[in-house]
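Note that these values count all heavy atoms, side chains included, but never hydrogens, waters or copies made by symmetry.
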There are 2 protein chains.
Amino acid sequence: MTPTITVSRWLDLLQSAGCRVTAPRRAIVELMVGTSRALGPIEVYDLGRTEHPGLGLVTVYRTLEKLEELGLIERVHLPDGCHRYLRTADGHQHLLLCTTCGLVQTFAGDDLDPLTGKVASDTGFAINEHWLQFFGTCPNCRKPISTLSES
Amino acid sequence: MTPTITVSRWLDLLQSAGCRVTAPRRAIVELMVGTSRALGPIEVYDLGRTEHPGLGLVTVYRTLEKLEELGLIERVHLPDGCHRYLRTADGHQHLLLCTTCGLVQTFAGDDLDPLTGKVASDTGFAINEHWLQFFGTCPNCRKPISTLSES
DNA sequence: TTGTAATTGAAAATCATTTTCAATACAAGG
DNA sequence: CCTTGTATTGAAAATGATTTTCAATTACAA
């Protein structure tokens, strides 16, 4: 699905949820659909104002909250904080995060179901969620000097 | 190692690091050594004042910071936040966390090295850290009414 | 069009965390 | 023991992030 179609789909979903489609929301949706980096509120605010100069930080908070409610974006946890958002991947995915630029990739990992079952029966916990995440430096950020190409 | 001995060891390590051993620090150390739950600053503050009534929240922040520097405690990330601390486990461990009470258990998991290597070569990332965490409800919190026994 | 309720952004309020600072208390040396 | 220098303490103030309030604006259904 192309980014443009995804933007339309997100805006339709917003509308179906009883929200109005406004210029600030469109700007934020385009941003979140178009990036593979985990962005914090301030980053969304700064990037969003290039497209919609009057954008307010309050609107960023409110829109991110709404998109999270709709399951379109989700919070990403990194070693240094948990206030960044990323568009939700299809199905459950494991994450690989660049701790320098925030770039996120997903990868198909081991099937954790057997381990989950074993740990559950060993401990008596009812397990209902798991995280498998790798952290490192993406190819772009590993290059010391060479030309930059944005994702 | 018994809790008492661990408390002494932590206080010795603090002293070796050039810190003085004071009553507030002793109270916080005893708390962090003695619990298997991930505690946030406010919880440490409230629990700590039962033992040292004059304890200030500022001192909690400062002491937790110092214990983290010494590697005795570390930040734990949960779906709803990342501001809780837990004493560091021996060696690298995977975590199983109770989302109701904050109880943490460690478990020996799969060896992730092969997967790490595969993902690294597939993506070009330099991977230097990973998280494997399970979330759920611990046996105690699953009991609806019955008698409570604190860990 | 027009009316109305949702939405906006600025300002104020709130909450967590950090900094400042004068008073206190640890611990080394007499 | 006592003295002394310095690290530490807790209160208050400062900071920074997030949330709430509110009057003006705007989307969109009729």
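Between A/R25 atom CZ and C/dT8 atom P the separation is 4 Å, expressed in whole Å. For the pair A/L14 CG and C/dA6 P, the interatomic distance rounds to 15 Å; values are reported in whole Å.
Within a 6.0 Å radius of CG in A/D90, other residues, nucleotides and ligands contribute 12 heavy atoms or fewer.
Using a 4.0 Å cut-off, some side-chain N or O of B/H83 falls inside it from OP1 or OP2 of C/dT17.
In terms of heavy-atom proximity, A/L95 sits nearest to A/F107 at O-CE2, 3.4 Å. Residues A/L70 and A/A17 approach most closely at CD2-CB, 3.8 Å, considering heavy atoms. Closest approach of A/R87 to A/T35, counting heavy atoms only: NH1-O, 2.5 Å. What you find for B/C138 and B/C101 is that their closest heavy atoms are SG-SG, 3.9 Å. When all heavy atoms of B/I73 and B/L64 are compared, the closest pair comes out as CD1-O, 3.5 Å. Nearest heavy atoms, A/E68 versus A/R75: OE2-CD, 3.9 Å.
Only B/V58, B/Y61, B/R62, listed by number, bring a heavy atom of residues 54-64 of chain B to less than 4.0 angstrom from any atom of DNA chain C.
Cluster annotation: B/L86 and B/M32 are assigned to distinct hydrophobic clusters (Ile/Leu/Val/Met/Phe/Trp/Tyr, side-chain heavy-atom contacts under 4.5 Å, transitive).
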So which protein nitrogen or oxygen atoms get under 3.5 Å of nucleotides 27-30 of chain C's nitrogens or oxygens?
unit_1: C/dA27; atom_1: OP1; unit_2: B/Q15; atom_2: NE2; d: 3.1
unit_1: C/dA27; atom_1: OP1; unit_2: B/V21; atom_2: N; d: 3.0

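Nucleotides of DNA chain D with any atom under 4.0 Å from a heavy atom of chain A span, from 5' to 3', D/dA17 to D/dC28.
Rounded to 10 degrees, the angle separating the terminal helix axes of the helix from C/dT1-D/dA30 to C/dG30-D/dC1, each built from five base pairs, is 30°.
Looking only at distances, no side-chain donor or acceptor of B/T59 sits under 3.5 Å from a matching main-chain atom of B/L55. Between the side chain of B/E43 and the main chain of B/G40, a donor-acceptor pair closer than 3.5 Å is present.
Taking 4.5 Å as the limit, some side-chain heavy atom of B/L31 sits within range of a side-chain heavy atom of B/V44.
The stretch residues 25-81 of chain B participates, sequence neighbours left out, in these ring pair (Phe, Tyr, Trp, His ring centres under 6.0 Å) pairs: B/H77-B/W131.
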Only distances under 3.5 Å count here; give the side-chain donor-acceptor pairs of residues 113-120 of chain A to other protein atoms, sequence neighbours excluded, each with its distance to 0.1 Å.
unit_1: A/T116; atom_1: OG1; unit_2: A/L112; atom_2: O; d: 2.8
unit_1: A/K118; atom_1: NZ; unit_2: A/D122; atom_2: OD2; d: 2.7

